Amino acid sequence: MTERTEGKPVSLWVATAGTTGYPQLVADVEVDVAVIGGGVAGLTAALALKRAGQTVAVIEAARVGTGVTGHTTGKVTSLHRLVYSELAESHGNATARTYGQANQAALEHIARTVSEERIDCGFRRVANYTYAESQAALDLVRTEADLAAGLGLPSSFTTDVPLPFPVRGAVRFDGQAQLHALKYLQGLADAVDGDGSFVFEETRAVGLRDGGPAVVDTEQGSVRARDVIVATNVPFGDRGSFDARCYPHRSYIVASRAGGPTLDATFISVDEPMRSILTVDVDGASYVLTGGEGHRVSDGGDSAPRYARLASFSRERLGAGEAAYRWSTQDAMPVDGLPYVGPLFPDAKHVHVITGLRKWGLTNGTAAALILTDALCGRHNPWAAMFDSSRPTPMTAAAQSRAEDAPPDSAAPGPAVQPYLAIPAPGAGTVVDLDGELTAVYTDPAGRVQAVSAVCTHLGCTVGFNAEDVSWDCPCHGSRFAIDGAVIQGPAAKDLRPRPLP
Ligand SMILES: Cc1cc2nc3c(=O)[nH]c(=O)nc-3n(C[C@H](O)[C@H](O)[C@H](O)COP(=O)(O)OP(=O)(O)OC[C@H]3O[C@@H](n4cnc5c(N)ncnc54)[C@H](O)[C@@H]3O)c2cc1C
Ligand code: FES
């Protein structure tokens, strides 16, 4: 029997932040810098550039902050599970040190911005722990704690871990933070808009040209700018092969009513299944957030049991009550473990990208935005070389990623394709072969049937039905489409074509 999880299928942050109402772009504008994407990376860059005296225009396809950032867990930290051991092994201690410095500086930048712009987003200093339950994991956290301390980070090993279940020990980073990510982003947008700078919502970039000036085309107007930053999470207009240098990874979060006192820290486990934990007070109610169940998007599968396992963990290990909200999102994982910041493609002069934030984008995305701000203001940045988007990415890793994600020039992955015999049951979706064309057919709970092409507009893989989120998802590079075919998440930039049914 399929387990069903209670709770509204919406992010706690989206449900409780209120909405913004910036206008659509309807005429041409000219600014110093155009920023495509109103997530943490784009808005942080936009505000930093505005504060440096430049005019900016943020172009957001939906509402600011409602992309990946509005679906995060909300940890603001430089402790990313066991990242320092991983980076020291793959890239050496110097890179691990720089990564730590960049993320610590990003954390402090966020703290300063919240204070200076008076953003009411529940920013709270807490310690962050990576905890171990098994002996093997204990050895790993000891190593991580010592290594990170040696790199100059606020790290220590402890056996005193403030969780309501026994663990063997943890790495503890002091002075970290958590926040309401969507309220933070709305505060950034508020500070960006005005005085010759703009935020445009419900405005999708559909074309991009490098040059002097560079030009971003949207459906109704264009933005001419000296420089363009592509901060669409997965690059829009990707000519830099980031689809081979990153793979999309999805995770799930359940917010349950808290059953005990607020935990005064945030946590992530070393042992599998990985669990990410924090508690938060929003609008007078306390919630326990449990995240995990991550997988490569290409691995697909039913999300209902994943939510059910997270809700059980919250109840059984953290004493939480019923699930109130549940949501999932995906982020771009760089194959070599480091984000990409810099030229969008090899000969790009004025078009820059931020991507590959490896599920820690509140700080990685902030650091990336500060690197680009320095570059566009002619300032040296000590972290720029490490994040450089034009660095060679190991071909074997990239090739492996491509192979595992089954590119469209091999057998196109996707759901089993049915011959078109009957419409799906209410609430169900399926991919059928209709007159030789793969077609995604959905029947809504009221019995209305809608059909769109099942061929992903990015590179031609076959989309599959996501029953929990009621969307068509592509297993190759993570594009997601609404039932009517509209793009929810890139890299696809074009909607799925409507298909008539016989
Ligand atoms: C489950 C989960 C939990 C996470 N928890 C944490 C955490 O606790 N702490 C942490 O640091 N990180 C966390 N992360 C990672 C973090 O959320 C992301 O790295 C970060 O939010 C990505 O920000 P972004 O600006 O790149 O993308 P987004 O927030 O997605 O912003 C990109 C924006 O671009 C817009 N866009 C796309 N295409 C176009 C177009 N053509 N034209 C105009 N606009 C466009 C989108 O609508 C979107 O709003 C988590 C990730 C996951 C998956
Ligand atoms: S083919 Fe790349 S996301 Fe679909």
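All of these numbers come straight from a predicted model, not from anything done at the bench. Note that the numbering runs from 1 along the sequence shown for the chain. Whatever order the structure lists ligands and atoms in, that order sets their numbers, starting from 1.
Side-chain atoms of Tyr252 and Arg326, non-hydrogen and from C-beta on, never get closer than 4.5 Å to each other. Looking at heavy atoms from C-beta onward, Thr290 lies in side-chain contact with Leu318 at the 4.5 angstrom threshold. Between Thr66 and Ser11 the shortest side-chain heavy-atom distance does not fall below 4.5 Å. Between Glu293 and Tyr307, the closest side-chain pair of non-hydrogen atoms is not below 4.5 Å.
From Gln186, atom CD reaches atom OH of Tyr22 across 8.0 Å, with rounding to the nearest 0.5 Å.
When each atom of ligand 2 is checked for a heavy atom of Ser479 under 4.0 Å away, the hits are 3 (S). Of all atoms in ligand 2, numbered sequentially from 1 with element shown, those under 4.0 Å from a heavy atom of Leu459 are 1 (S). Per-residue contacts place Cys456 under 4.0 angstrom from the following atoms of ligand 2 (heavy atoms of the residue considered): 1 (S), 3 (S), 4 (Fe). In summary, the atoms of ligand 2 found under 4.0 Å from a heavy atom of Cys461, numbered by their order in the structure, are 1 (S).
None of the N, O or S atoms belonging to His458 lies under 2.8 Å away from atom 4 (Fe) of ligand 2.
Between Asp174 and Arg125, no side-chain nitrogen of the basic residue sits less than 4.0 Å from a carboxylate oxygen of the acidic one, so the salt-bridge criterion is not met.
In terms of distance to atom 2 (Fe) of ligand 2, the nearest N, O or S atom of His477 is named ND1.
The SG atoms of Cys461 and Cys456 do not sit under 2.5 Å apart.
Between Tyr131 and Tyr129, the ring center distance fails the sub-6.0 Å criterion.
Note: Tyr247 and His249 have perpendicular aromatic rings, judged against thresholds of 30 and 60 degrees for the angle between ring planes.
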Which N/O atoms of ligand 1 sit under 3.5 Å from a protein N/O, and at what distances?
{"residue": "ligand 1", "atom": "5 (N)", "partner": "Thr72", "partner atom": "OG1", "Å": "3.0"}
{"residue": "ligand 1", "atom": "5 (N)", "partner": "Thr73", "partner atom": "N", "Å": "3.0"}
{"residue": "ligand 1", "atom": "5 (N)", "partner": "Thr73", "partner atom": "OG1", "Å": "3.1"}
{"residue": "ligand 1", "atom": "8 (O)", "partner": "Thr72", "partner atom": "OG1", "Å": "3.4"}
{"residue": "ligand 1", "atom": "8 (O)", "partner": "Gly74", "partner atom": "N", "Å": "3.2"}
{"residue": "ligand 1", "atom": "8 (O)", "partner": "Lys75", "partner atom": "N", "Å": "2.9"}
{"residue": "ligand 1", "atom": "9 (N)", "partner": "Lys75", "partner atom": "O", "Å": "2.8"}
{"residue": "ligand 1", "atom": "11 (O)", "partner": "Lys75", "partner atom": "O", "Å": "3.4"}
{"residue": "ligand 1", "atom": "11 (O)", "partner": "Gly361", "partner atom": "N", "Å": "3.4"}
{"residue": "ligand 1", "atom": "11 (O)", "partner": "Leu362", "partner atom": "N", "Å": "2.8"}
{"residue": "ligand 1", "atom": "12 (N)", "partner": "Lys359", "partner atom": "O", "Å": "3.2"}
{"residue": "ligand 1", "atom": "12 (N)", "partner": "Gly361", "partner atom": "N", "Å": "3.1"}
{"residue": "ligand 1", "atom": "14 (N)", "partner": "Lys359", "partner atom": "O", "Å": "3.0"}
{"residue": "ligand 1", "atom": "19 (O)", "partner": "Asp331", "partner atom": "OD2", "Å": "2.5"}
{"residue": "ligand 1", "atom": "19 (O)", "partner": "Gly361", "partner atom": "N", "Å": "3.1"}
{"residue": "ligand 1", "atom": "21 (O)", "partner": "Thr69", "partner atom": "N", "Å": "3.3"}
{"residue": "ligand 1", "atom": "21 (O)", "partner": "Thr69", "partner atom": "OG1", "Å": "2.8"}
{"residue": "ligand 1", "atom": "23 (O)", "partner": "Thr69", "partner atom": "OG1", "Å": "3.2"}
{"residue": "ligand 1", "atom": "25 (O)", "partner": "Val40", "partner atom": "N", "Å": "3.2"}
{"residue": "ligand 1", "atom": "25 (O)", "partner": "Ala41", "partner atom": "N", "Å": "3.2"}
{"residue": "ligand 1", "atom": "26 (O)", "partner": "Asn233", "partner atom": "ND2", "Å": "3.1"}
{"residue": "ligand 1", "atom": "27 (O)", "partner": "Asn233", "partner atom": "ND2", "Å": "3.4"}
{"residue": "ligand 1", "atom": "29 (O)", "partner": "Val68", "partner atom": "N", "Å": "3.4"}
{"residue": "ligand 1", "atom": "29 (O)", "partner": "Thr69", "partner atom": "N", "Å": "2.9"}
{"residue": "ligand 1", "atom": "29 (O)", "partner": "Thr69", "partner atom": "OG1", "Å": "2.4"}
{"residue": "ligand 1", "atom": "30 (O)", "partner": "Val68", "partner atom": "N", "Å": "2.9"}
{"residue": "ligand 1", "atom": "31 (O)", "partner": "Gly39", "partner atom": "N", "Å": "3.4"}
{"residue": "ligand 1", "atom": "41 (N)", "partner": "Ala205", "partner atom": "O", "Å": "3.2"}
{"residue": "ligand 1", "atom": "42 (N)", "partner": "Ala205", "partner atom": "N", "Å": "2.9"}
{"residue": "ligand 1", "atom": "44 (N)", "partner": "Ala61", "partner atom": "N", "Å": "3.0"}
{"residue": "ligand 1", "atom": "47 (O)", "partner": "Glu60", "partner atom": "OE2", "Å": "2.6"}
{"residue": "ligand 1", "atom": "49 (O)", "partner": "Glu60", "partner atom": "OE1", "Å": "2.7"}
{"residue": "ligand 1", "atom": "49 (O)", "partner": "Glu60", "partner atom": "OE2", "Å": "3.1"}

